[in-house]
Amino acid sequence: MVGNRPQYIKAAVVSRVVRSVVDEVLLDTGQHYDHELAGVFYDELALPRPDIELGVGSDSHARQTAAMLTGIADAIAAVTPRLVLVYGDTNSTLAGALAAAKLQVPIAHVEAGLRSFDRRMPEEVNRVLTDHLSSLLFCPTDTAVANLAAEGIVAGVAQVGDVMFDLAISTLSAAREQSVLALLGVRSGGYVLATAHRPANTDEPANLEAILLALGARDETVIFPAHPRTVASIDRFGLTELVTPNIRLIAPVGYSESLALVKNARVVATDSGGLQKEAYFFSVPCVTMRDSSEWVETIESGWNILVGSDREALAAALAAPPRGARHPAFYGRGDAGEHLAVALAGFLEKTAGAPEAGRRGARPFAGDQGGKR
Ligand code: UD1
Ligand code: UDP
C-alpha cells in the first residue's frame, strides 16, 4: 500500500522485489494527489499503476485515516491477500496496518523500528502502532532493531538495510546532475537546499517566519522546493515579503532532481525524514528544523544537527554546517531490496501451509506463529 511521496519512492525498490517472489496488488490511498507529489513518481520511477485507488485526499487526521481505513478494509476483503505490506510512518501506513490487523491479515512493515521518542509528531504514533501490529518488520538499521527489542518485538524482525539507499546510489548520473544544476543556474556546493512541510513549521506563523528570516539572511542561493501546504501557509500568514530574492521558492521537484539537488548542496536545511538520510548518503551536512529525529545515526555521527525552528540556531548551523569525522555505512550496501525479498520469500514459504492465513475469519496470525514476544 502506498499513498504519498516518500512511499512511492520506497515502493520503486520494494514493489519490484515483491513481484519477483509473489503477485502484488498495489493499493494507493490517494493521500497525495497533486501530480508533483504523486503522479510524477509513478512516471519517473516506473512504478506499476495501482490496481486500487481510494482517492481519499486531504482532511483532518481522523477523517483522512478513517476514510482510508474503510476503503482499505473493503479492498482487503475483496482481494484476500496473504500479506499486507506498508511503508514508513504516515497516516496511510497506519490505516493499512490497522485495517489488515482487524481482518487478521499479517502485516509487513518497511522502515520498521524507527523512533524519535517524540509523540507530538503524528508519525511517531503511526510508527509505534504499525510496528506492534506487524508480523514481519524490515528494519533499515541496527538502531531500529534495538528499538524494537526494547519494546519486546524480536520475532519477525529482519535488518535488511535501507531501501532508499539502494535507490539513491543507483539513480544519478553525472549528466543528470549537471542538467539539474544548469536548469536552476546553480553550481555544485554553491547553494542551500531547503524543504519544510511539518505542521510545527508550516502551521505556526512564528516558526515559518523564523525559518524564512534565517534563509533570507544568507548571502547565497537557497533552492526551496515547497510542499503545497508550505506555499499556502506563506500566503495565509502574509509572509510573502520574507521570500527574499536569494530564496528560490519552486514547485516540488521529481526524485532524480531532488537527489541531484541534495548531492550538490553545500548544506541541506530540512524537516523531512528522507532528506536527512539522503544528505548523509552523499556526505552533505544537514540542518534539521525539528526538535527530534528518527534518523539518529546521522546526528550521532556528526553530519546532522537539530535546530528546531529557532532562527539563530538555524542561522548558526547554516554558517557552520555539521561535518562528521567518520561516515559509517549505517544504511547497508545498497542491497536492501534483495535482503527484503529473501526475508519475504522465507516468510511466505513458512506460512504457505498456515490454514487460511490472511483470510477473513482466520485466527490471529501472530498467534498462529506462537506470538512474537
Ligand atoms: C504527509 C505525512 C508526512 C510525510 C509527508 C510526505 C501524515 C500525518 N503526514 O504530510 O509524514 O512526511 O506526507 O510528503 O501522514 N496537499 C496538497 N496536495 C496534495 C496533498 C496534500 O495540496 O497532493 C496539501 C493539503 O492542503 C493538505 C496538506 O497538504 O491538507 C497536508 O497533506 P497531508 O497528506 O495531510 O500531510 P503532509 O504534510 O503531506
Ligand atoms: N523529494 C522529492 N521532491 C521534492 C522534495 C523531496 O522528490 O520536492 C524526495 C526526497 O528526495 C526524498 C523524499 O522525497 O526521497 C522525502 O519525502 P518527504 O520529505 O515528502 O517525506 P518524509 O521523508 O519527511 O516522510
Side-chain angles (χ1 to χ4, degrees), residues 2-13 28-41 43-45 55-65 67-68 86-96 111 114 116 120-127 130 140 162-168 171-172 180 184 193-203 223-233 235-236 248-263 265 268 270-282 284 286 288-290 293-295:
V2 292
N4 48 56
R5 176 164 67 188
Q7 296 179 332
Y8 302 126
I9 291 168
K10 290 159 202 168
V13 174
D28 188 330
T29 64
Q31 176 173 355
H32 284 176
Y33 42 87
D34 284 346
H35 180 74
E36 56 204 17
L37 292 183
V40 66
F41 300 104
D43 297 344
E44 184 182 353
L45 301 172
V56 298
S58 305
D59 212 325
S60 67
H61 283 248
R63 286 179 190 282
Q64 184 186 59
T65 312
M68 291 176 189
V86 296
Y87 297 91
D89 56 15
T90 71
N91 288 349
S92 294
T93 316
L94 177 62
E111 271 193 9
L114 299 191
S116 67
R120 291 172 304 170
M121 288 185 65
E123 291 80 5
E124 182 74 356
V125 175
N126 294 341
R127 283 178 205 123
T130 301
D162 192 301
V163 296
M164 284 180 72
F165 183 57
D166 293 18
L167 195 61
T171 294
L172 286 177
V180 169
L184 287 161
L193 175 68
T195 78
H197 68 271
R198 302 284 166 202
N201 290 327
T202 59
D203 295 352
I223 303 288
F224 194 152
H227 189 291
R229 76 183 296 165
T230 315
V231 175
S233 295
D235 189 40
R236 182 159 49 108
R248 303 260 300 275
L249 204 64
I250 59 174
V253 295
Y255 176 68
S256 63
E257 210 170 343
S258 178
L259 270 192
L261 288 172
V262 173
K263 187 174 174 190
V268 170
T270 190
D271 60 12
S272 158
L275 257 91
Q276 290 176 62
K277 231 177 1 177
E278 288 166 347
Y280 185 84
F281 297 162
F282 295 121
V284 172
C286 186
T288 296
M289 302 182 290
R290 283 168 44 179
S293 172
E294 59 283 8
W295 299 107

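Numbers for residues simply follow the sequence, beginning at 1. In listed order, ligands and their atoms are each counted from 1.
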Any N or O of [X] closer than 3.5 Å to N or O of ligand 1:
X    : result
N91  : yes
H32  : yes
H227 : yes
R229 : yes
D34  : yes

- Out of A260, S272, A279, A196, who gets a non-hydrogen atom closest to atom 16 (C) of ligand 2? S272
Please list, in number order, the atoms of ligand 1 under 4.0 Å from a heavy atom of [X].
X    : answer
R198 : 3 (C), 11 (O), 12 (O)
T90  : 2 (C), 11 (O), 15 (O)
H61  : 8 (C)
P228 : 17 (C), 18 (N), 22 (O)

- Query: Given that the side chain starts at C-beta and the backbone is N, CA, C, O, which of these parts of E123 lies under 4.0 Å from ligand 1, counting heavy atoms, or is it both or neither?
  - Reply: side chain
- Query: Side chain, backbone, both or neither: which part of P6 has a heavy atom under 4.0 Å from ligand 1?
  - Reply: side chain
What protein heavy atom sits nearest [atom], and how far away is it?
atom                    : value
atom 34 (O) of ligand 1 : Q31 NE2, 3.1 Å
atom 23 (O) of ligand 2 : G274 N, 2.7 Å
atom 21 (O) of ligand 2 : P6 CG, 3.5 Å
atom 26 (O) of ligand 1 : S58 OG, 4.5 Å

Has [X] got any heavy atom lying under 4.0 angstrom from an atom of ligand 2?
X    : value
L259 : no
R198 : yes
E36  : no

- Item | E278, any N or O under 3.5 Å of ligand 2 N or O | yes
- Please determine if R5 has a nitrogen or oxygen closer than 3.5 Å to a nitrogen or oxygen of ligand 2. yes
Residue portion contacting ligand 2 (non-hydrogen atoms closer than 4.0 Å) for [X]:
X    : result
E257 : neither
H197 : side chain
Q7   : neither
V253 : both

- Item | Any donor-acceptor pair under 3.5 Å from T202 side chain to R198 backbone | yes
- salt bridge (Lys or Arg N to Asp or Glu O under 4.0 Å) filter on R127, not counting sequence neighbours, yields D89, E124, E294
- Task: Calculate, to the nearest 0.5 Å, the distance between atoms CE and OG1 belonging to M68 and T29 respectively.
- Result: 4.0 Å
